[in-house]
Every structure is written in structure tokens, then in C-alpha cells.
Novice: 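Okay, here's the structure, questions in a sec.
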Amino acid sequence: MKTATGEALIHHGTLVDGNGGPPVSDAAVVVREGRIVFAGPAAHAPPVGATAARLDARGGTILPGLVEAHFHPTYFNVAALEDLDIKYPVEYVTLLAAANAKLALECGYTAARSGGSLFNIDVWLKKAIEEDLVPGPRLAASGREICGVGGLMDWNPDYRRIGMEGLVLLVNGPDEARSAVRKLVKDGVEWVKTYPTGDAASPDVNDHHTLCMTFDEMHAVVATAHNHKLKVTGHCRATAGIKNALRAGYDTIEHGTFMDAEALDLLLARDVPCVPALYFELASVERGPEFRLPPRVIDGHKETLEAGAESARMILKAGGRIGLGGDYGFAWNPHGDYAREISFFVKYVGFTPLEALTCATRTGAEILGRGHEIGTLEAGKLADVLVVDGDVVADVSLLEDRRQFVAVMQGGVVKAGQALSR
Ligand SMILES: [Zn+2]
């Protein structure tokens, strides 16, 4: 991805640097060749040349570009899970994924970690974004997800004679788990996404208290992935599934819904980040009836909503790391709504705005493995910056409305926001 040339000054705004400290009023950010050389009180800023680009934050907020830590660019706002795999061919899903990536960037998300991809689209989407062919967040790519045969993601009945190969690699036993990871290694993914547990979406045989992979399968996934320097994450709701994942050596936990004290200890022992992806649950409860989700499914989402909120509070309070991202790409939780996750964590879960913003920036970048380059506004980092017209700390829901954005920058280049259209 190309970075800006020359100098730029972002001024006349309040700085939230992503580290969680108090906001700095009357701040300035100075950028040279796409990297931050200064972020702090304007009075201490180094002088910039007469030719420097100047961006007036209009008394608003200057913060790091947001990071979507559980992004599914290939999920195309489906109303039924089955549509994911069979509604469209790979050619069309690829175009939809590119459109979703552009939208995410316009929504202030300058980086994202994929939480699982249809086909092998994310790997190539990432390349297209890196080469500036299409706009989008800096992407950490996942591939097809791994699930046990008969588990949550194995829903096409055998009599239909269609597999699940566009969506998942189904495994029986550690040998097949190893083969699946080896295929993903060849595909070029960075993250291996697995399904240790079921979900409220499947109340009959794979609900949120059901396991969908064995410990041995999960351990084989981790050993193979780590050997090839890939990272592993998993959809973990049931308590036993969370513990299996942490004991098997998972690098992050998705959802972490039913945490208990022992699971928390395991999480903290290796400082494993958790991405609750929790607004999805509220959206399923509130908007599910509109999309004919069965009452049992909605009841299950109520249970995972409450347990997930409690687990997130527990992790934050204990000093653990939380990433924000939200399984956007369903009809009731569509692309473009990403920042609802941040408002939700403030209004519903009880995080302070600064805590939620740190989760949505610095921790997200750490999850991507790029914490040294992005996620905070500090000297030396890439100038991935979001400038919002208004006080985001007073009202985080401003982030939900991209019309309020003065600028979305990647490497100092303005990619979206009002500053682009002038
Ligand atoms: Zn997901």
C-alpha cells in the first residue's frame, strides 16, 4: 500500500492516541512520508514546512484508524446461513467482498483481521488492497474455516450431494485436521479459523453448549499451524471448548462466551486476546423476528448475549485484552454497522469510551500482529488516522455515522471522509 509523500499537519482537534490515557485537547499530529513523527499537544509540535498539507480537525477528535478484529468481507448480508455457501459463485462473492472492504474503510476501519473466508478470497483481497487495486482495511487473511464433521458448519445434508467446500474444511480426527491446516498453508492464509463449539444459531444438535471439535483435533491444528508460523483462533462459546482452545495453544479466542474462573486463568496466563463479537447477539435478538429466526434461536442468543457481556467485563477487569469486531455480514447485522460494536460495549457492556476505543484500535492491531506499526498514534507508526467532526469520547456513537468523518487516512493518504471530496 502506497504511503503519502511529503509532510502533513493534522491540527485543531483533541487527540485520543489509542493507549487509553486522557485525551489531549488542542493537539497536533505531524506526518512525514506516511509515518507519524509527532502526536501530542500542538504547543510542542515540531514546525512543518510551508508546503505541508494541512488538515483542520475542526475541533473534533483525532484517533487511530479503527481495527475490525473479526471481519468477514465475504459474508454478504445473508438472511439464512445456508446462503453463505451456495447462493452465489466465487466470482460474485469476490466482488461483494471487495465492496465490503471499501465500505469498511469508509467506515473508519483502516485495518481488519478476517474471522473466516468463503473460498480463498481473503488472501487475494488482501493482495489487491496491498497493491492499491481496491480500497480496504489492511487485512490479515483467514481462509476456509475448520470444523468437525457433523458440527456447526456442516449443515448441507448428504442427500443433497453438495459439500461445504466453499466455506469449511470438515475434519474427522487429528490427521484430517493436520491435512486441513496444510491446505490452508498452501492457500497463503495468516489465520486458521476453527469451530471448537456450536452456537445458538443451531439449537437442535450444535447449540452453544456443544463441542464441534475434539481436543486432539484442535491440538493438531495448532501444532501444524504454528510450525508454519500461522496463528489459530476459534469460535468458542461452551466453557469446555474455551478451555480446550486455550490448552491447545490458540492465539486468540472468538466470543469466549461462557468463561469461568479457570478459563479466565488460562486466558490470562498467556495473555490471549478475546474478541467477543457481541453486538451480533443483540442484533439477533432485536431484529431476528423480522428475519424469521425461530424463537428457540433468539432465546439462545439472549443467553449468549448476557453470558458474553459478563465474560467481557470479567476479562477487562482482570487486565485481559479484548478486541472489537462483530461478525457483520448478516441481514440483521449488515456490513457498514461495524462501529455499533463500540457503542454497544459502552452502553450495554459498561466499558468506558476510552476502554472501548483502546480495544478497537491498539488491541485490534496487536491481534493482527501489527501492533508495532499501527493501532496507536505515536511517533514511528504508520499514519492510519481517523478524524471525526465531534467529541467521540463524549459520544462514541458518532463513529457510527461516516458522514461525520473529516478524514480516514492510511499511511498519511486520505482515503475517505469529507476531506476527500473537496
Ligand atoms: Zn465470525
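Each residue takes its place number in the sequence, starting with 1. Values in this document were obtained by computation on a predicted structure and should not be read as measured data. Each ligand, and each atom within it, is numbered from 1 in the order the structure gives.
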Novice: What residues, two or more places apart in sequence or in another chain, satisfy side-chain contact (heavy atoms from CB on, under 4.5 Å) together with A383?
Specialist: V31, I36, V385
Novice: For I367, which of I322, D251, T252 qualifies under side chain to side chain contact (heavy atoms under 4.5 Å, CB included)?
Specialist: T252
Novice: Output all residues satisfying salt bridge (charged side-chain N to carboxylate O under 4.0 Å, His left out) with E341, sequence neighbours left out; order by chain, then residue number.
Specialist: none
Novice: Is the centre of the H335 ring less than 6.0 Å from the centre of the Y75 ring?
Specialist: no
Novice: Under 2.8 Å from the Zn ion (ligand 1), which protein N/O/S atoms are there?
Specialist: H70 NE2, H72 NE2, D327 OD1
Novice: Is the backbone of G371 close enough, under 3.5 Å, to the side chain of K381 for a donor and an acceptor to pair up by distance?
Specialist: yes
Novice: Which residues pass the side-chain contact (heavy atoms from CB on, under 4.5 Å) test with V393, sequence neighbours left out?
Specialist: V16, P23, P353, L354, L357, D391
